[in-house]
Structures are given as C-alpha cells and as structure tokens.
Amino acid sequence: MGVNSGASAINRLLQTNNSIAEKFIPTPAKTTVDTILSHLEAGRLKKAVSLLFAAPYPFDLSLYGRLFQLCTASRAIVEARKVESHLITNYDPPPTFFLNRAIEAYGKCRCLRDARELFDEMPHRDGGSWNALITAYAKGGSPRKTLSVFLEMNRSEFSPSEVTFASVLGSCGILLELGFARVVHGVIVKLGYSDNVILASALVDVYGKCDKMVDARRMFDEIHRPNAVSWNVIVRRYLEVGDERESISMFFQTIIEGVRPLTFTFSSALVACSKRQAFLEGIQIHGVVVKFRYEDDGKVANSLIGMYVKCNDVVSARKIFDQSNEKDLFSWTSMVSGYAMAGRLKEAQELFDKMPERSIISWNAMLAGYVRSGQWEEALSFIFKMRQKIKDADSVTLNLVLNVSASLSKLEFGKQAHAYIYRHGFESVISVNNAVIYMYGKCRDIKGAKYCFYNMSCRRDTISWNSLMNSLAQHQMSEDVMAMFFEMQKETTPNEYTFSILLAACANVFAYNQGKEIHGFMIRNGYAIDVVVLGALFEMYSKCGHLEYAIKIFKNAKPGDVILWNSMIIGCCRVGKATEALDLFALMKETGVQPDNVTFQAVFNACISKGYVDEGKRYFDAMISEYGIMARLEHYECMIKLYTRYGSMNELDNLFKIMPFEPTNSILIRVFDACKKYRNPRLGEWAAGKLNKLNPPVRYHFKITDKSSITTLKLLFSQSDKGSRSL
DNA sequence: GTAGGGTTAG
C-alpha cells in the first residue's frame, strides 16, 4: 500500500506535466490512453477498464496485454471479461496471443469455465493457446484437468513445448503422479530440453514430492548451473522427506556455489536445524542471514526464533524476538513455547498475557508447558481459563487435556473431554483416541479403556495397543497383557515400548521364563535395546532374582544415558551389591558417560555399605576436582554417614571445615551419636551446642559414659530456663 | 512474450 501511494504521487506529478504538454496538441484518443495508463500504473484497474470499455475504438495491443497482466495479478474476473470483450469486438480476427493472455487471466481467477469457453470459441489457436489453457488449469487448481488437456494437446496438431511441460510437471507433483512424471521426463529428454533449468528443477520437485529422493538428487546433480529456485527445491524436499542432515548440507552447498538463497530456503534450512537440534549449523545459518541482509525479513526472523527455541537457546531467541519489527502471531507463539518448554513458565505466562492476539496453537503451547513440567494443578486451572476464553479445542488441546486428567486421576473430567471428542468428531483422530485409552487406564477404569480400544472408529495403531497393555500392566493384570501381545501381532507390529510394558508385566509376577523369552524375541527380531527397554530388562532380571545377568546385559549395552547408569548403580546398592555398583561406576567412566550428582550419591552409598572410607573420600575429592560437580548437602550427608559409621572422626572434623552448609538436625544427631561411640568430646560438644540452638526446648548434653557403646541419645529436657539437667 | 519452487507457531 505504501509503495502504491508513493507511485501514485509520482504519477500525479507526471500527469500534470503531460497535461501542460497536451495543451498544444489535443488528441482525445491519446488522452484516454494516457489516463488509462496512469490508472494502470497506480493500480486502479477498475477505472482503467471502465475507461477502456467506454471507448468504442481499438487500442494498441500492448495495452490489452498490460490490462490482462494486472487482471491476472489481482485476480479481477469482471475486468478480465470486459477487456476480452473489448478486444474481440474491436479486432477481427482478434489476435491469438492476447486471447491466450485472457485464458491465463481466467485461470488465475479460477474461472476455468471462461478459460475453456474462450479456448473452444477461438477462431485461431496456436501452441500458445494450448499452453495457456494448460497453465490456466494448473494455476486454477485443477491438476487432474491439466493432465487431461495435455493428453488432448498431444492428439492435436500442436506439440508440447517447454512451457507446456513446466505446468504439467507441476500438476504431477500435486497429484503425486510419479508414472506420468517419468513419461514426461522421457519426452523432455527426447526433445532435447534436458538443459532447461526450469524443467530440471520441476523434475527434482516432482521426484522429491513422490518420495523418490535418489531420483531427485540425480536429476539435481545433472543441472549445470542450478539457480536459487533449484537449490530451494532440493533443500525443501530433503526437509520434507525427513532427511534434515542433507537439507542443511545442501543449504551450505548453495552458499559455496555462490548462489544467493531465497528467504524460503533460509526458512527450510532453519526448520531442518530445529528438527535435528543442530545448534551449531543453526548459528552458522544465522550468520548467513546477516551476511545477506535478510535479518529484517519477518518470516526469516521467525524461523530463526524457532531454531533457537528448539535448540534450547531461549536467550538468543528472545534477542531476535525483541529486535524484530515484524512480530506476528508466529513470533509470539514460538517465544511463548520456548519459555514453556524450557520450564520457564512464569516468563512464558507473562509473555502469553501480553500477546496482541492468540490462536489455538498459542493456547496449546502454554498448556503444553504446564504439562511438560508436570504442573498438573496449574495446567488444570489453565484449561478452565482456556474454556472461558475460546470455544474451540483441537486434537492437540484434547491430547493435553486428557494427559492432565490422567495425571491427576480426574476420571470425571476426562470423561467430559471424551464426550467433547465424541460430539465433535475427534474420534477419527488416532492420537486422541489413544490418549482417551491412556486416560481411562490411568484413572483405573480398565473397562472404559477397553471399551474405547475396541470401539475405535479409526484404525488402531501400535500406540493404541501399548496404551491398553500399559494400563493392564499397571493393574497387575500380567496374564492379560501377555494374551494381548499375541493378539496384537495379528494386527500390528510391536515396538520397543511394547516390550518394556511386557517386561514390566513379567517383573511384576516374577515370570522369569517369559521375560527371558521376550528378551530373546527382541534380539531375534532385531529390536533396538534402547534406554527404556534396557531399564525394563534390568528391572525384570533383577526382580526375578538374576541380578548378575541383568548387570551382564547392561555391561554389554553400555548405554550413553546417565540416568540409566544411575538407576543401575542405585539398583545394585539397594540389593546390597555394592561391589558391583562400584564396578559399574568404573565401567561408566570407561564408556565415557559423564556421571552426575546422583551417580555420586549412589557411589557414596555403595562405599557406606562396604565400609570403604578411603575410597569414599577419594570419590568425593574426584567429584569436585575431576568432574567439576559441586558437592550438595546430600553428598555431605553421605560422607558424614560414612565417617560416622566407621569412626573416621578426623576426616569428619576436616569435612565440617569445608562444608558450606549449616549442618541439619539429622546430621548433628548422627555426629552426636558417633562421638559418644568413638569418644570424641570436642566434636560431640560442638554438635550438642548446635542441636540446642536448633531445638530450643530440647537439651542435648554430651557426656561419655561407660555405656556409650550403646548409641542412645540423651535427651535432656529443661523444665525452666535454669539450664539443662540430666534425666 | 507465455514456465518451475514457496517461508514461520503447539
């Protein structure tokens, strides 16, 4: 709009000059042409056409061309018809080339009947007329018709040209007509059009859309000098088939080849980075954005925000968000989602409240944040607020709502959601149905879960089976789970999660043989023993009393997941296998998995149960200096437990010198106790003093007696303020 | 002279 008003100002200026010049040579026809032209330049199509329509004489043909062009661009059907009618009444025979432009304009206006009618009534047709009709169908949203007219053309006296093939390939892409495209490809090669970059790019596009990336790439590699559109196509197609790596790589190749990428290409490449969480590549693309001065493009900025958000760099995302002059619903929603997914719910909610407008996606993003962080009560009240403000929910909302109902075990609320789903036809969405099954299962309504499972109006998938089996497993119905597993295989393929459910069911009823069978089944059928499965296998073997075997499997797998290592080490400690726990810790180090604070807590506990005081101290020192993990209060508690239990009073004393926390009640009691047992009056008195400060009415009195080997607390109550006295 | 690709959010 701004550009137009600028242009019209210039036009007004030009017009004034013209009228001065025309004062001397007044020719009415020329004045009309100029007025029409000035209207055209100012984008006033209607005025231009009505002037034309009022004049009962022919104009220069180029004027009709320009008029049709503008009709096409602004999809003005009424004007297009008027221009056509003026053309045919004032030219006999009307020139074919300009009638072809009329056909094109009708196509762009999606008035395909006008296009076809004109085509049929034309006194003379040329190849361009066929092309115009084919283009009209392609642009007018009738790809099927495009192909049939193409076949019709092949039967006529005219041969298809490069222009024809371009539209035809576009329609093949929409219809995913791979066979048709291959035939067209053959004809293109035969006619010697292979070097045409537009046709080659269109072929890359069709093959890509038909999921034939090998063909697409081969086609692309044959292009001598791919242009920005060619690169855009290949980057986009790799992204859409899920090969984000190649998509990103081709983006960088574009730069290397010295081609300036389109804004679209930046967006595609950045989405590819988001999907793979390719942070470093994302930053580099950001650099390219700056280099090519695309920073101010709103869409590119939004893609950058999305990339940073998905790569967990909310700060960088926020910087771009704040700098953007074209903030829209997308920018706001991405940013809210970024905070929400990072668990920064306060900031998310603050931004959400400030949003100038919100879509269902914005609401879902906020709700998803509460769900992801497990803030169920907050999620529930957000849902109530949401219900007041907006009427509609979509499948994502319903999934989240069901998730909240399940986690809070709110069966009635879940049932309301189910009723909504039923009334609004969401039963045809598999993921929603699966969430309903999950909800009933979690709310301990097995009947409801089963009812939904067996009544699924859409096809059941693996997740549907898993949902029901999981709820059965959680209710100790292990036999039913097993039975379902056999049923399931007739209908769909189990996945890794299925097996973890089965293994949990086996663990519950100590079904060792069945568990072993499942393990074997997975190995024979090439299933990945992922983190979840490994955890389930370990649980099953250890619960069934075969910890050695569980450890063996774990040692072979050597997963890269610290949480799983932790649960293994903790598991060993729990059943008294402290040596194995420390053994696993060594292996973990060897495998290159970084231990975390939980790992060390488990390690210290192993040392406590074995009485490894020196090792414990070494681990503690290593944790701080070698692994750079800050010692938490929990770690100090472990060490204090270790030193007090085994009487390392000097070490205990040293530990208190470096401990940055105030000792807690339980720590002090433990110390107090140990000092009695190991006869350390200085530390004992210190502990007693601290305890007395912490517990005003209670009095601890440190006194070593002969019976001090019996570790009992001497609790001394003071009746008054006179001081403590021994009971 | 007519033709190809097509952005971003849960």
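Throughout, a chain's letter reflects where its sequence line sits, starting with A, and its residues are numbered from 1.
A distance below 6.0 Å separates the ring centres of A:Y370 and A:F382. For an aromatic pair to be called close, the ring centres must be under 6.0 Å apart, and A:W130 with A:F150 fails this.
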Under 3.5 Å, which donor-acceptor pairs do the side chains of residues 305-317 of chain A form with other protein atoms, sequence neighbours left out?
residue	atom	partner	partner atom	Å
A:Y308	OH	A:H286	ND1	2.8
A:D313	OD1	A:V315	N	3.4
A:D313	OD1	A:S316	N	3.0
A:D313	OD1	A:S316	OG	3.2
A:D313	OD2	A:S316	OG	2.6

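Comparing B:dA3, B:dA9, B:dG6 by their closest approach to the side chain of A:I198 singles out B:dA3. Nearest nucleotide to the side chain of A:I361, out of B:dG4, B:dG6, B:dA9: B:dA9. Distance from the side chain of A:S267 is smallest for B:dT7 among the nucleotides B:dT7, B:dG4, B:dA9. Proximity note for A:S334 (side chain, C-beta onward) versus B:dA9, B:dG6, B:dA3: the nearest is B:dA9. The nucleotide whose nearest atom lies closest to any side-chain atom of A:K299 is, among B:dT2, B:dA9, B:dT8, B:dT8. Nearest to the side chain of A:T135, among B:dG4, B:dA3, B:dG6, sits B:dA3.
In this structure, A:N232 reaches the bases: a heavy-atom distance under 4.0 Å links it to at least one base atom across the strands shown. Residue A:V204 is out of contact with every strand shown, counting any heavy-atom pair closer than 4.0 Å. Within 4.0 Å of A:N399, counting heavy atoms only, lies no atom of the nucleic acid at all. Across all strands, A:K310 comes closer than 4.0 Å only to sugar-phosphate atoms, never to a base (heavy-atom distances). Within 4.0 Å of A:S303, counting heavy atoms only, lie sugar-phosphate atoms of the nucleic acid but no base atom. Heavy atoms of A:L329 sit under 4.0 angstrom from at least one base atom. Base contact: A:F98 has a heavy atom under 4.0 Å from a base atom.
The side chain of A:K139 contributes no N or O atom lying less than 4.0 Å from OP1 or OP2 of B:dT2. Phosphate contact (OP1/OP2 of B:dT8, side-chain N/O of A:R236, threshold under 4.0 Å): present.
Listed by chain and residue number, A:R344 satisfy the salt bridge (Lys or Arg N to Asp or Glu O under 4.0 Å) test with A:E347 (two or more places apart in sequence, or in another chain).
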